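Just below is one structure, and these are the notes that go with it.
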Amino acid sequence: MDFSHQETWLHHINPSLKLLILVVLFIQILMIHNINFLLNELIGMLILYLFFTGHPSKRLVLISLPFLLIFLTSSTSMIFFGKGETTWLHWGLVHITEESFTRGLHLGFRGIVFAVLGVVFALTTRPVFLFYSLMQQLKLKPKFAYSFMAAVRLLPLMAEEMQTLNHALKVRGVQRKKGITGFYHKLKSYSIPLLSQSIRRAHRIAVAMEAKRFSEAKSRTYYYRLGFSKYDGLFLIYLLGVTMLAYYMAVHFPYFSTTDVRYL
Amino acid sequence: MEKGLKLTDILVTIVISLIFGVIYKLWGPLYGVVATLGLHIEQLIYGMWFIAAVVAYLIIRKPGVALLAEVAAAQGEFIFGGEWGVATLIFGLGQGLAAELLFAAFRYKRFDMLAASLAGVASAIASIGIDFYYGYIGDLALWNLLILIGTRLLGAVLISGVFAYLLVQALEKTGVTNLVRPASEEDYRALG
């Protein structure tokens with residue numbers, strides 16, 4: 001699979017800082033109950049996604065297809081079954097009100113904001129750099145970071161093993177049973193070999209690492225050194241700017257009259 | 001004897017977690033598709049997102065493993081571009097802590113189906129707690145909220161309790177768990 005892309009300024013942000021900023025942003029967005037404010041924030045994040053990840057637009061469209069699903073799963077229950085006063089439609093159990101509708105939309109957009117941010121992070125951060133940075137800037141213990149990196153490297157092996165298993169089961173003529181027991185058997189015939197092989201492999205790697213004197217020493221050298229750059233400041237300024245502009249526009253040019261979607 | 005988790009424990013936990021991280025990632029679209037059926041049927045499969053903590057703990061049986069596993073699986077889902085983004089990390093942390101506390105309450109001495117199911121329930125409760133802020137679920141009609149809570153708890157028991165326990169039991173037959181578990185009382189008695 002081809003996953004080539006261009007590097008943009010988002011790639012050069014310190015990964016730990018990027019992660020921390022996203023967590024702070026997550027909490028900030030949870031505090032937004034004004035749908036106008038949220039919609040403006042969404043536009044700000046979409047700009048990052050559409051123009052600054054360095055990935056070809058075809059791939060971006062493909063990745064964004066599940067966003068629609070996120071929107072639906074996050075919003076439908078609230079739209080149909082949420083509390084509210086101004087009834088629009090009452091049909092059996094379904095009770096759509098103006099309040100529940102805007103609250104549902106708010107949840108849908110919130111889901112998309114998080115999805116966009118998460119995907120932007122995933123598309124612009126190399127896992128290896130993330131873990132090196134976590135060790136260097138946030139003092140994550142090396143045994144956690146290196147375990148993670150080793151585990152990420154094992155994933156392609158597992159995919160290959162899955163193929164082999166598939167072929168082996170076919171060659172041996174394993175019959176597929178129907179129904180829920182059949183599903184359970186199928187699940188077991190894949191997951192048990194896969195898990196047990198992975199555990200054995202992980203165990204061997206750990207033994208090998210210790211045999212090669214992988215240690216918990218405080219001072220160690222790193223193959224990659226990660227620091228901070230002007231792009232970190234740029235990212236912060238962009239997000240602050242978007243947040244302030246989003247708030248200003250929400251107050252002065254609202255799309256919806258509702259300013260708090262919660263049920264009071 | 002070094003205290004806490006050793007490199008082997010951590011590496012094995014994280015490898016298991018990343019497998020579940022991949023499953024967590026694939027579970028997102030599935031959850032979305034099932035959700036279109038309506039009336040919170042999708043909550044029955046929500047329990048899959050609690051399974052890493054339980055499975056890893058049942059395999060390795062050490063303090064801290066459940067929390068590490070759930071956080072690592074969430075981190076995995078996140079770096080593979082999971083649809084819920086950063087929310088995954090917060091939910092993972094909450095769910096992992098809840099499962100960890102539950103196992104701690106049993107003083108890390110129970111590894112049966114009941115403990116596994118209760119850990120699933122604890123994770124489910126943690127996720128529901130976060131959902132009050134994240135999903136405004138307190139603003140759902142009461143009957144609907146109760147269905148959501150009920151189905152999520154049931155799914156947690158079925159998937160991260162019963163299924164996780166059966167999975168680890170099947171794994172034990174391969175002998176692989178002996179590699180990574182600490183020596184138990186019985187082992188010492190067998191030596192004596």
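Just so it is clear: chains get the letters A, B, ... in the order the sequence lines come, proteins before strands, and each one is counted from 1. Reckoned from all heavy atoms, side chains included, excluding hydrogens, waters and symmetry mates. Keep in mind that this is a model prediction, so the values were computed, not measured.
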*Going by heavy atoms in the side chains, are A:I199 and B:T174 under 4.5 Å from each other?*
no

*Around B:F106, counting heavy atoms of other residues, nucleotides and ligands shown, do more than 12 lie under 6.0 Å from its CZ?*
yes

_How long is the straight-line distance from CZ of A:F131 back to CD of B:Q75, given to the nearest 0.5 Å?_
5.0 Å

*Any chance CZ of A:R213 has more than 12 other-residue heavy atoms, nucleotides or ligands included, within less than 6.0 Å?*
no

_Given heavy-atom pairs under 4.5 angstrom as the criterion, report whether the side chain, backbone, both or neither of A:L19 touches chain B._
side chain

*asked:* So for A:I205, is it side chain, backbone, both, or neither that comes closer than 4.5 Å to the heavy atoms of chain B?
replied: both

*How long is the span from the CZ atom in A:R204 to the OG1 atom in B:T8, to the nearest 0.5 Å?*
13.0 Å

*For the candidates A:G118, A:A122, A:S198, A:A151, which exhibits the highest count of non-hydrogen atom pairs separated by less than 4.5 Å from chain B?*
A:A151

*Using a cut-off of under 4.5 Å for heavy-atom pairs, which of A:R110, A:K188, A:M209 has the most such pairs with chain B?*
A:R110

*At what distance, to the nearest 0.5 angstrom, does CD1 of B:I19 lie from OG of A:S191?*
9.5 Å

*Portion of B:L68 that has a non-hydrogen atom of chain A nearer than 4.5 angstrom*: side chain

*Verdict with reasoning, B:I79 to A:T125, per side-chain contact (heavy atoms from CB on, under 4.5 Å)*: CA-CA 8 Å; B:I79 57 178; A:T125 313; over 6 Å; no

*State, to 0.1 Å, how close B:G138 and A:K83 come at their nearest heavy-atom pair, and which atoms those are.*
O-NZ, 3.2 Å

_Most contacts with chain B, counted as non-hydrogen pairs under 4.5 angstrom, among A:L107, A:T73, A:V119_ = A:L107

*Part of A:F144 lying under 4.5 Å from any heavy atom of chain B*: both

*asked:* Would you say that A:L25 contacts B:V86 through its side chain, given a criterion of any heavy-atom pair below 4.5 Å between the two side chains?
replied: no

_I need the residue from B:F163, B:Y133, B:W143 with the largest number of non-hydrogen atom pairs under 4.5 Å to chain A._
B:W143

*Which heavy-atom pair separates B:H40 from A:S77 by the least distance, and what is that distance?*
CE1-OG, 3.2 Å

*Go through A:F214, A:Y146, A:F114, A:F81 and name the one with the most non-hydrogen pairs under 4.5 angstrom from chain B.*
A:F81

*Could you tell me which non-hydrogen atom of A:R200 sits nearest to which non-hydrogen atom of B:L179, and how far apart they are?*
CG-CD1, 3.9 Å

*Residue selection (most heavy-atom pairs with chain A, distance under 4.5 Å) from B:I59, B:V180, B:I90*: B:I90

*A:A206 versus B:L7, closest heavy-atom pair with distance*: O-CD2, 3.8 Å

*asked:* Just verifying a value: how many Å separate A:L154 CG and B:L11 CG, rounded to the nearest 0.5 Å?
replied: 7.5 Å

*asked:* So for A:M158, is it side chain, backbone, both, or neither that comes closer than 4.5 Å to the heavy atoms of chain B?
replied: side chain

*Given that the side chain runs from C-beta out, which part of B:V22 has a heavy atom under 4.5 Å from chain A: side chain, backbone, both or neither?*
side chain

*Which distance, rounded to the nearest 0.5 Å, do you find between the CG of B:L5 and the NZ of A:K141?*
9.5 Å

*asked:* Please identify, among A:F148, A:F121, A:F80, the residue contributing the most non-hydrogen atom pairs under 4.5 Å to chain B.
replied: A:F148

*What is the distance from atom NZ of B:K6 to atom NZ of A:K143, rounded to the nearest 0.5 Å?*
10.0 Å

*Top residue by heavy-atom pair count (under 4.5 Å) with chain A, among B:D139, B:L140, B:I14, B:V33?*
B:D139

_Leading residue by heavy atom contact count with chain A [cutoff under 4.5 Å; candidates B:P29, B:G32, B:G28, B:G85]_ = B:G32

*Do A:R201 and B:V15 come within less than 4.5 Å of each other through their side chains, counting heavy atoms only?*
no

*Please report the closest heavy-atom contact between A:I192 and B:A170, naming both atoms and the distance.*
CD1-CB, 3.5 Å

*Hey, what's the ring geometry for A:H33 with B:Y136, parallel, tilted or perpendicular (30° and 60° as the breaks)?*
tilted

*Just give me the residue among B:A35, B:A72, B:G21 that pairs up with chain A most often, heavy atom to heavy atom, under 4.5 Å.*
B:A72

*Contacting moiety of A:V207, where chain B heavy atoms sit under 4.5 Å*: neither

